[in-house]
Amino acid sequence: VRVAAISRVADPAVLASLAKVGNETAVRAAAIGRIADPAVLERLAREDPSADIRWAAVDVMSDQETLKRVVQSEKDQRVRARAASRISDEDLLEKLVATDPSPEVRKEAVARLASQEALRRIAKHDSDGAVRAAAVARLDQAPDLFRTLALEDPDHRVRWNAVARL
């Protein structure tokens with residue numbers, strides 16, 4: 001009932017207040033979904049003690065600079081992964097794939113990468129099979145690499161994706 005009532009609130013100050021305080025994550029997240037003020041969203045994404053609330057704020061955020069700050073400073077891998085899934089900066093995405101300890105974050109970054117060279121490198125060298133498989137699925141043309149991975153990669157998901165691309 002309280003979540004449904006959020007849809008009728010029009011006052012941005014009331015929405016911001018509902019998003020900032022309260023015990024019910026669902027109510028707070030519903031309020032966040034209606035907030036248009038980037039400063040309020042950034043504050044929630046960077047300072048709220050609840051990872052679920054930080055994730056909800058990142059989920060509706062569009063400001064690339066704020067998303068970059070979140071992905072570089074956030075401790076929770078789910079929140080970092082959601083931020084990575086919304087970033088368009090190729091250099092930062094490549095850096096995330098190269099340095100983030102979380103396969104979930106790296107996989108989200110791979111899903112946004114356009115650089116075929118970077119995807120080839122990831123398909124060959126990332127330590128996680130799911131990340132390598134995601135890179136293989138995004139490659140346009142690499143028949144020699146697909147053949148090698150189909151025969152030699154230790155992860156069945158990578159082999160499967162490589163065979164499918166031949």
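Remember, predicted model here, so these are calculated numbers, not experimental data.
- Closest of all the heavy-atom pairs between Ala162 and Val136 is N-CG1, 3.7 Å.
- When atom types are taken as modelled, the side chain of Ser85 and the backbone of Arg82 share a donor-acceptor pair closer than 3.5 angstrom.
- Put simply, CZ on Arg86 and CG on Asp63 are 11.0 Å apart, with the number rounded to the nearest 0.5 Å.
- Of the inter-residue distances, the one linking Lys68 atom NZ with Asp89 atom CG reads 4.0 Å to the nearest 0.5 angstrom.
- Residue Asp100 holds its CG atom at 11.5 Å from CG of Leu93, rounded to the nearest 0.5 Å.
- Ion pairing of Glu42 with Arg46 is present here, as a side-chain N (NZ or NE/NH1/NH2) and a carboxylate O approach within less than 4.0 Å.
- Arg28 and Thr25 share no side-chain donor-acceptor pair at under 3.5 Å.
- In terms of modelled atom types and a separation under 3.5 Å, the side chain of Ser17 and the main chain of Ala13 share no donor-acceptor contact.
- Contact annotation: the side chain of Arg80 never approaches that of Glu108 to less than 4.5 Å [non-hydrogen atoms, C-beta and beyond].
- In this structure the side chain of Met61 never reaches within 4.5 angstrom of the side chain of Pro38, judged on heavy atoms.
- Here the side chains of Arg78 and Asp52 are in contact, with some heavy-atom distance below 4.5 Å.
- Under the 4.0 Å criterion applied to side-chain N and carboxylate O atoms, Asp128 and Arg106 are not assigned as salt-bridge partners.
- For the pair Leu44 and Lys20, the tightest heavy-atom approach, listed with the atom from each and the gap, is CD2-CG, 4.0 Å.
- Exactly one of Ile32, Ile6, Val40, Asp37 qualifies for a side chain to side chain contact (heavy atoms under 4.5 Å, CB included) with Leu15. That residue is Ile6.
- Once rounded to the nearest 0.5 Å, the distance linking CZ of Arg165 with CG of Asp140 reads 7.0 Å.
- For the atom pair Leu113 CG and Ile87 CD1, the distance stands at 11.0 Å (nearest 0.5 Å).
- Taking the side chain as every heavy atom from C-beta outward, Asp76 and Trp55 never approach each other to under 4.5 Å.
- Applying the side-chain hydrogen bond (donor to acceptor under 3.5 Å, both in side chains) rule to Gln72 yields no partners; only residues at least two apart in sequence or on another chain are considered.
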Test Ile35 against Val60 for side chain to side chain contact (heavy atoms under 4.5 Å, CB included), laying out the working first. CA-CA 8 Å; Ile35 293 174; Val60 296; over 6 Å; no
Under the side chain to side chain contact (heavy atoms under 4.5 Å, CB included) rule, what do Val71 and Leu92 come out as? Steps first, then yes or no, please. CA-CA 10 Å; Val71 82; Leu92 180 55; 3.9 Å; yes
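- Between Arg121 and Glu117 there is a salt bridge, since at least one side-chain N of the basic residue sits less than 4.0 Å from a carboxylate O of the acidic one.
- Across Arg159, Lys124, Arg132, a single residue satisfies salt bridge (Lys or Arg N to Asp or Glu O under 4.0 Å) together with Asp153, and that is Arg132.
- Going from atom CD of Glu94 over to atom CD1 of Ile122 covers 7.0 Å, rounded to the nearest 0.5 Å.
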